[in-house]
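In what follows, a single structure is set out as structure tokens and then discussed.
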2 protein chains.
Amino acid sequence: MLGLPKLDRIDINILGQLQQNSRLSNVDLAQAVGLSPSPCLARVKRLEKAGYITSYTARLNLGKLVDHITVFTEVTLKDHRREDFVKFESEIRRYDALKECHLVSGGYDYLLKFVTRNVARYHELMEHILERNVGVEKYFSYIVIKTVIDRDNVLLKYLMTDEQAG
Amino acid sequence: MLGLPKLDRIDINILGQLQQNSRLSNVDLAQAVGLSPSPCLARVKRLEKAGYITSYTARLNLGKLVDHITVFTEVTLKDHRREDFVKFESEIRRYDALKECHLVSGGYDYLLKFVTRNVARYHELMEHILERNVGVEKYFSYIVIKTVIDRDNVLLKYLMTDEQAG
DNA sequence: AGTGAAAGCGAGGCCGG
DNA sequence: CCGGCCTCGCTTTCACT
């Protein structure tokens, strides 16, 4: 975090390649970015240490593994002092079913994304949260009927360019 | 897709391990799940071919790479015939900035998640979508101020167990 | 910084239980 | 279906540029 060495085009290229396929062998990666294996490996290590790469994960087809539902929950807090946000954020972390939690601008405070076995499980979860008195005034749930798109990579090339999508 | 061979505990374990670290070497993975390398590798290949593993990706710290914002958009369609949904879903795919798109139950039709450079870009994008007449009646935007939680793995162990989170 | 060689180790195939 | 062996190729280091 102290010194941010700038990234050149090769670094960006490496990140993009690994984002698409984290199991690329170092020799293949090196060839893809036009380097020989040694400096390529050194760059990858450097990018990892500098925190540009946070983890390497396998994407699973969860639907084939176990029945589950996704639910988005809009949460409004009772009070809006700094400590109320801190408390909610720290308490909500306990829940394994919680995939995402975002503080948003607009009609409510937090947008949450849960993944649970079924609606009953989700309902239990929300009751549990309310009981624990983490400062929730009200919430509204949107159950996902069908996920049309859920992309993992994309972005990098798009965000680095100046063209607007057509 | 034709024959779904059942997964035993070792398979689940393998998936969980690779979900946490897709760069595990096969020998380390084998040891972690209590197998010798050969059958372990065979299982991984089988799981890949059967579609339980969809991809291996590197998670990037996007915030360090480029400034960007995340926006959730609630979309309501004008009409709700089957063809209206089909049209919207196919048209919306074109947009690189779109990370997620879910059909939801409740007050509106689709919940979208965008990632763009800034608010101006997002606004252009939405104008573009409205102009292209994909059947959007109205939309409402929630700009993410702070992402508190964004987990990639979790789930597997949680979803496979019967205990409720505490 | 990148290259190239060398050593060590893992991937992936094949047989035997 | 698992374990052990074997070979090939990759990873990783190091001296050099």
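Reminder, nothing fancy here: chain letters follow the sequence lines and each chain counts from 1.
When rounded to the nearest whole Å, the span between NZ of A:Lys45 and C1' of C:dA1 equals 19 Å. A:Arg9 has its CZ atom 18 Å from the P atom of C:dA1, to the nearest Å. Between the C1' atom of D:dC10 and the CD atom of A:Gln31 lies a distance of 14 Å, rounded to the nearest Å. The CG-P distance, from B:Asp11 to D:dC2, rounds to 9 Å in whole Å. Here the P atom of nucleotide D:dC1 and the CG atom of B:Leu41 are 15 Å apart, to the nearest Å. Taking atom CD1 of A:Ile10 as the reference point, atom P of C:dA1 lies 11 Å away to the nearest angstrom. Atom P of nucleotide C:dG10 and atom CG of B:Leu24 are separated by 12 Å, given to the nearest angstrom. In this structure, A:Leu35 places its CG atom 17 Å from P of D:dC10, rounding to the nearest Å.
Contact annotation for B:Ser36: base contact, defined as any heavy-atom pair under 4.0 Å involving a base atom.
Within 3.5 Å, no donor on the side chain of B:Ser38 pairs with an acceptor on the base of C:dG12, nor the reverse.
Nearest-nucleotide mapping onto DNA chain C: of B:Ser25 and A:Cys40, the residue sitting toward the 5' end is A:Cys40.
Between A:Arg43 and C:dA1 there is no side-chain N or O to OP1 or OP2 distance below 4.0 Å.
For A:Tyr110 and A:His102, the distance between ring centers is not under 6.0 angstrom. Ring centers of B:Tyr142 and A:Tyr108: under 6.0 Å apart, within the cut-off. Taking the ring centroids of B:Tyr56 and A:Tyr56, they lie at or beyond the 6.0 Å cut-off.
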Check against side chain to side chain contact (heavy atoms under 4.5 Å, CB included), A:Val115 and A:Ile69:
CA-CA 6 Å; A:Val115 177; A:Ile69 60 164; over 6 Å; no

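Among the nucleotides C:dG10, C:dT3, D:dT11, the one closest to the side chain of A:Pro39 is C:dT3.
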